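Keep in mind it's a predicted model, so treat the numbers as computed, not measured.
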Amino acid sequence: MRLSHFVLASFVVSSIACHTERPIINTGATQPSVGGTIAGIVKTEDPRVVPLSRKVTASDVRSGSRFEATTGTNGGYTIKVPVGTYRVEVELRDHETLVKQPAETHVNNGDLDPARDFVISVKPAS
């Protein structure tokens, strides 16, 4: 009987010893948030024509920092940027002009600024 009590006591003590570990909590400095995202679509006046692989640039109006993306197959783009106010521009090609361009946009931490869309007019070559 004493042996069984000894075994039981040993089991309880070893079980308690295994569960004394605490989770590690990171109390160090946290990383700053990345800011937010600017997103939109680049399209032409003719809905059948999608301007492929256009470079879209978001420029911080204060610092001049530039962040770029290339449009996808649907003309869409997204650019992750730090907090700030941005002017967004799209690459134009020969015989193209802008019909619609987004206004400057202010981005806060965690913001998603969608609908920063462009519309391009394509003039036939003369």
Side-chain angles (χ1 to χ4, degrees):
M1 185 77 155
R2 287 187 176 170
L3 182 59
S4 64
H5 285 122
F6 177 75
V7 171
L8 181 60
S10 296
F11 177 75
V12 170
V13 169
S14 65
S15 294
I16 292 171
C18 290
H19 293 287
T20 58
E21 292 182 32
R22 303 267 191 250
I24 298 173
I25 299 172
N26 183 357
T27 58
T30 59
Q31 295 295 321
S33 177
V34 75
T37 303
I38 298 171
I41 296 177
V42 178
K43 52 190 167 190
T44 64
E45 291 178 307
D46 182 350
R48 298 171 296 169
V49 177
V50 177
L52 298 174
S53 300
R54 295 303 175 96
K55 181 170 63 172
V56 179
T57 305
S59 301
D60 187 315
V61 298
R62 269 186 86 195
S63 70
S65 297
R66 298 167 56 95
F67 303 88
E68 298 177 344
T70 302
T71 58
T73 57
N74 69 344
Y77 71 92
T78 59
I79 305 172
K80 289 193 176 286
V81 295
V83 171
T85 301
Y86 292 88
R87 180 179 58 254
V88 186
E89 299 170 321
V90 66
E91 165 190 48
L92 294 176
R93 299 196 176 140
D94 291 339
H95 311 292
E96 295 179 342
T97 58
L98 279 176
V99 175
K100 178 185 172 195
Q101 178 176 4
E104 286 184 357
T105 183
H106 183 75
V107 177
N108 291 309
N109 280 329
D111 278 357
L112 170 59
D113 278 357
R116 302 297 172 198
D117 300 338
F118 293 89
V119 177
I120 297 173
S121 174
V122 181
K123 304 290 184 197
S126 22

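A donor-acceptor pair shorter than 3.5 Å can be found between the side chains of Glu45 and Ser121.
In this structure, Phe118 and Val88 have side chains that are in contact, with non-hydrogen atoms separated by less than 4.5 Å. In this structure, the side chains of Ile38 and Val81 come closer than 4.5 Å at one or more pairs of heavy atoms. For the pair Val61 and Glu104, the minimum side-chain heavy-atom distance is below 4.5 Å.
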Yes or no on side chain to side chain contact (heavy atoms under 4.5 Å, CB included) for Val119 and Asp117, after CA distance, side-chain angles and deciding distance? CA-CA 7 Å; Val119 177; Asp117 300 338; 5.8 Å; no
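Note that the NZ atom of Lys123 and the NE2 atom of His95 stand 12.0 Å from one another [nearest 0.5 Å]. The OG1 atom of Thr105 sits 3.5 Å away from atom CG of Asp113, with the distance rounded to the nearest 0.5 Å. How far NZ of Lys43 is from CZ of Arg54: 15.0 Å, rounded to the nearest 0.5 Å. Here CD1 of Ile120 is found 9.0 Å from OG1 of Thr97. Values are rounded to the nearest 0.5 Å. Atom OG1 in Thr71 sits 8.5 Å away from atom CD in Glu91 (nearest 0.5 Å). Expressed to the nearest 0.5 Å, how far OG1 of Thr57 lies from CD1 of Ile79 amounts to 6.5 Å.
In plain terms, the two heavy atoms of Thr73 and Val50 that are nearest each other are O-CG1, 3.6 Å. Across Val90 and Leu98, no two heavy atoms sit closer than the pair CG1-CD2, 3.8 Å. Across all non-hydrogen atoms, the minimal contact from Val56 to Tyr77 is CG1-CE1, 3.6 Å.
Remark: Arg62 does not engage Asp60 in a salt bridge, criterion side-chain N to carboxylate O under 4.0 Å.
Within 6.0 Å of the CZ atom in Arg93, the count of heavy atoms belonging to other residues, nucleotides or ligands exceeds 12.
Note: Phe67 and Tyr86 have perpendicular aromatic rings, judged against thresholds of 30 and 60 degrees for the angle between ring planes.
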